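Bear in mind that the values here come from a model prediction, so they are computed numbers and not experimental data. Reminder, nothing fancy here: chain letters follow the sequence lines and each chain counts from 1.
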2 protein chains.
Amino acid sequence: MITDKKERVIEAAALSFSQFGFKATTMASVAKIAKVAKGTIYTFFDSKESLFSTILERTMKQLRQAADTAIQEEAAFHENIQAMLDAILGFRENHQLLIKMGQEAKELGTAEVLEILTQVERQILDYIKSVIMKEKAKGIVTKHDPELLAFLVYKIYIALISDWERQHEPLPKETISEIIRAQIH
Amino acid sequence: MITDKKERVIEAAALSFSQFGFKATTMASVAKIAKVAKGTIYTFFDSKESLFSTILERTMKQLRQAADTAIQEEAAFHENIQAMLDAILGFRENHQLLIKMGQEAKELGTAEVLEILTQVERQILDYIKSVIMKEKAKGIVTKHDPELLAFLVYKIYIALISDWERQHEPLPKETISEIIRAQIH
DNA sequence: AATTGACCATAAATCGTTTTTGGTCATTCG
DNA sequence: CGAATGACCAAAAACGATTTATGGTCAATT
């Protein structure tokens, strides 16, 4: 059955991309793990890139879901933003594929993978933006427009969590909350 | 006269490092430009690295000066912070050596140059911190401690100027001021 | 019609060779 | 005599020819 094979290919590819990265994953090995011939993969996907895109899209969907469940209809705006950021960062830190992409970008520095990471960031920003817009529709007033606010909040959060810890003790959760909250007004 | 030769070496090295970067600058060419023998350089400096350090230190001194002159004793805190950040970024954008280091880090990605850039950033952060502490001594109250505030302000400023512009129209000066100002309280 | 895997062009890794480079030091020079 | 030189050296980097690995195709097979 067609779907069965396609599923197997996706599963094998997801495993391999997560474990070895984009470059070190070969179509031959994906075929072998999926127990199909190499040619078969090309009946489902145009190229290695498009196969990868499918995996990435699936991962981004999971990320959106993780973020969605962190949001509570009745909670305060700033609490939701905070919870969502935690969920996103937690996901990023735990999901093997995104970790591997980060490593690969640093080690190999290929334009290809760099491009992928910008795309991931773009999608995360879009998601944050959509959350902000939903809150805005509920009547909350923000100082800046959603695009800028999403950008600000995300960049600051990353800076406080990742960059800061490269040279300092981790900041207490309350300090981070307070700073993020201050951006929202 | 000894100083004369040493000056020539420094001048030649500054030129070459700025123009070609660290790796592409050879001790032989520095010697040639400075019109000294290669061995002579080693009577003043222990290694290529230490020669480079001298140049970098000189550049950082200039940067501190540029920032210093941007600060007005009688101006408001947030105005001084803003003026100082503008001065630092302007300097970074105009000073050939720092530009070249940035390019080299991106292209070659060598640990050596990466290390240099972290050092530069560390120094800039220290400078901003010292400015904040001076203001604090004058009685201004800040919400966060100077190290954290310096970090926040600098990261946000860079994000708003450099990162934002990679995908958006530049932000109006007033917006940036407003955001930076909001961090200070 | 779906699937396969031998096949191909090209990209990437390998490896021996040559060139370049940072650094030294015996010799020269002022 | 001390400062300055540049031939010299070991090690690193650049080169280039050759081999290997890889993404993608397609005639043959199921």
Would you kindly give the [atom1]-to-[atom2] distance between [X] and [N], to the nearest whole Å?
| X | N | atom1 | atom2 | answer |
| --- | --- | --- | --- | --- |
| B:Leu108 | D:dA14 | CG | C1' | 14 Å |
| B:Phe52 | C:dG22 | CZ | C1' | 16 Å |
| B:Lys5 | C:dG30 | NZ | P | 10 Å |
| A:Asp4 | C:dA2 | CG | P | 15 Å |
| B:Phe44 | C:dG23 | CZ | P | 16 Å |
| A:Lys32 | C:dT4 | NZ | P | 15 Å |
| A:Arg8 | C:dT3 | CZ | C1' | 12 Å |

Residues forming a side chain to side chain contact (heavy atoms under 4.5 Å, CB included) with B:His95, sequence neighbours excluded = B:Thr59, B:Gln62, B:Phe91, B:Leu97

Can you sort out the partners of B:Lys136 under side chain to side chain contact (heavy atoms under 4.5 Å, CB included), two or more places apart, ordered by chain and number?
-> B:Thr142, B:Pro146

Is the closest basic N to carboxylate O distance between A:Lys48 and A:Glu112 below 4.0 Å?
-> no

Inspect the contact between A:Arg181 and A:Glu178 and indicate whether a charged nitrogen and a carboxylate oxygen are less than 4.0 angstrom apart.
-> no

Whether each nucleotide of nucleotides 19-26 of chain D has a protein heavy atom under 4.0 Å at its base (B), only at its sugar-phosphate (S) or at neither (-) is summarised, 5' to 3', as ---SBBB-

Is the number of heavy atoms from other residues, nucleotides or ligands under 6.0 Å of A:Met133 CE greater than 12?
-> no

Give me the ring orientation class for A:Phe17 and A:Phe22: parallel if the planes are under 30° apart, tilted from 30 to 60°, perpendicular past 60°.
-> parallel

